[in-house]
Structures are given as C-alpha cells and as structure tokens.
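Here the structure comes first, spelled out in structure tokens, and everything after it is commentary.
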Amino acid sequence: MNDISYDDLCNLIALKVASGVATPHSVDYYLKAIYEVILEQLELNNRIMIKDFGIFEIKERKSGERIINNPNNNNEKQLVYVKPRKSITFRAAKKFDVSVNENNFKIASDKKIKKIGKNYREKLHKKNKKVMNVVDLLNRANKRKEV
C-alpha cells in the first residue's frame with residue numbers, strides 16, 4: 001500500500017482540473033484554505049457537513065481517573081488521571097460510500113443511490129418482517145404454555 005504525498009495530491013488535483021487553469025501551487029493554496037476553514041468551523045460548531053462527501057465532527061473524550069496496568073512495573077495496577085481530549089470523527093456521506101463500495105471508485109449518480117437506497121429499505125423491511133414473525137411465534141408458544 002502506497003501513501004500519497006501532499007505534493008502528489010496537489011499535482012493530481014491540478015491535472016484533474018483543466019490544464020493551464022490550476023497549477024500545483026494554486027491547488028496547495030486552496031487546500032490550505034479549505035483546511036483552515038474546516039478547522040475554524042469545527043471550533044465554532046463542532047460539526048461540518050460537506051454535501052456528498054461526509055461529516056466531520058468533534059467529540060470530547062471523557063476525563064477522569066482510570067486504572068491501568070503499568071508495563072514498566074510488572075503490570076502493576078496504577079491509578080492515572082486522563083485529561084479531556086477532543087477527537088475528530090469522519091462519517092462518509094451515502095454518495096461517497098456508494099461510490100467506493102458499489103460503484104468501483106467512480107462517482108455514483110443520484111439515480112443509482114436512490115436505487116440502492118430502495119433495495120436496502122426493501123431488504124430491511126423483509127428482515128423486520130421475519131423478525132416480527134419469530135416474535136409472533138414465540139408469543140403464541142408462550143400463550144399455549146400458560147393455558
């Protein structure tokens with residue numbers, strides 16, 4: 001697995017836009033601006049949603065005292081205070097998820113997303129119906145035992 005460098009990303013985006021319109025230097029400028037805007041908005045709102053891409057969210061991890069095993073001291077239990085910490089989560093938008101999982105890494109059309117959503121709802125409905133049938137059977141069996 002090869003990681004892509006920041007410079008490579010700028011070059012790829014510049015090539016993807018129209019030739020002559022964007023240079024790797026201008027892409028670098030815009031990416032840094034996007035990064036700053038996302039950070040500012042996360043600070044203000046704790047959440048930012050980018051349509052068809054996903055949701056960035058800030059979640060605060062709890063602080064307090066925790067018991068840990070100290071590997072330096074024969075795994076002796078030790079009481080440690082953990083400071084509160086913020087973590088960033090990313091949840092992919094449905095279109096982005098479908099593009100990766102169902103559409104071979106190509107941008108999925110809205111029509112395809114609706115079709116997948118409809119099929120998913122139908123499967124879920126069938127599954128819930130089966131679960132309800134099992135619950136009904138169990139209830140009937142319990143009523144017979146009572147009589």
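For Lys95 against Asp52, the heavy-atom pair with the smallest separation is CD-CG, 3.4 Å. The heavy-atom pair separating Ser99 from Ile107 by the smallest distance is OG-CA, 3.6 Å. Annotation for Ala108 and Asn103: closest pair CA-ND2, 3.3 Å, computed over non-hydrogen atoms. The two residues Pro84 and Glu60 have their closest heavy-atom pair at CB-OE2, 3.7 Å.
Residue Leu12 qualifies as enclosed at atom CG: its count of foreign heavy atoms under 6.0 Å is above 12. More than 12 heavy atoms of other residues, nucleotides or ligands lie within 6.0 Å of CD1 in Ile58, so this atom counts as buried by the packing criterion. Atom OH of Tyr6 has more than 12 heavy atoms from other residues, nucleotides or ligands within 6.0 Å.
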**Message:** Checking Val80 against Arg66 for the side chain to side chain contact (heavy atoms under 4.5 Å, CB included) test, could you report, in this order, the C-alpha distance in whole Å, the side-chain angles of both residues, the deciding distance, and whether it holds?
**Reply:** CA-CA 5 Å; Val80 176; Arg66 297 205 176 93; 5.6 Å; no

**Message:** Using the rule given for side chain to side chain contact (heavy atoms under 4.5 Å, CB included), can you reason through Thr89 versus Phe56, listing the C-alpha separation, both sets of side-chain angles and the distance that settles it, and then say yes or no?
**Reply:** CA-CA 6 Å; Thr89 60; Phe56 292 95; over 6 Å; no

**Request:** Please step through side chain to side chain contact (heavy atoms under 4.5 Å, CB included) for the pair Ile55 and Ile48, ending with a clear verdict.
**Result:** CA-CA 6 Å; Ile55 298 171; Ile48 183 169; over 6 Å; no

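Pairs engaging residues 78-88 under the side-chain hydrogen bond (donor to acceptor under 3.5 Å, both in side chains) rule: Asn70-Gln78 [sequence neighbours left out].
Val17 and Val27 fall within the same hydrophobic cluster, defined by Ile, Leu, Val, Met, Phe, Trp and Tyr side-chain heavy atoms under 4.5 Å apart, directly or through other members. Ile13 and Val21 fall within a single hydrophobic cluster, where Ile, Leu, Val, Met, Phe, Trp and Tyr are joined by side-chain heavy atoms under 4.5 Å apart, directly or via other members. Under the 4.5 Å side-chain heavy-atom criterion for Ile, Leu, Val, Met, Phe, Trp and Tyr, Phe53 and Val100 are members of distinct hydrophobic clusters.
How far NZ of Lys59 is from CG of Asn46: 11.0 Å, rounded to the nearest 0.5 Å. Atom CE in Met49 sits 13.5 Å away from atom CD in Gln41 (nearest 0.5 Å). In this structure, Asn11 CG and His25 NE2 are separated by 13.0 Å, a value rounded to the nearest 0.5 Å. Atom CD1 of Ile88 is separated from atom CD1 of Ile38 by 9.5 Å, given to the nearest 0.5 angstrom.
With Asp28 contributing its side chain and Pro24 its backbone, the two residues share no donor-acceptor pair below 3.5 Å.
Leu31 has its side chain within reach of Leu9: a pair of non-hydrogen atoms, C-beta onward, lies under 4.5 Å apart.
The aromatic rings of Phe90 and Phe96 sit perpendicular to each other, their planes meeting at more than 60°, with 30° as the lower class boundary.
The side-chain contact (heavy atoms from CB on, under 4.5 Å) check on Lys77 picks up Ile67, Asn69, with sequence neighbours excluded.
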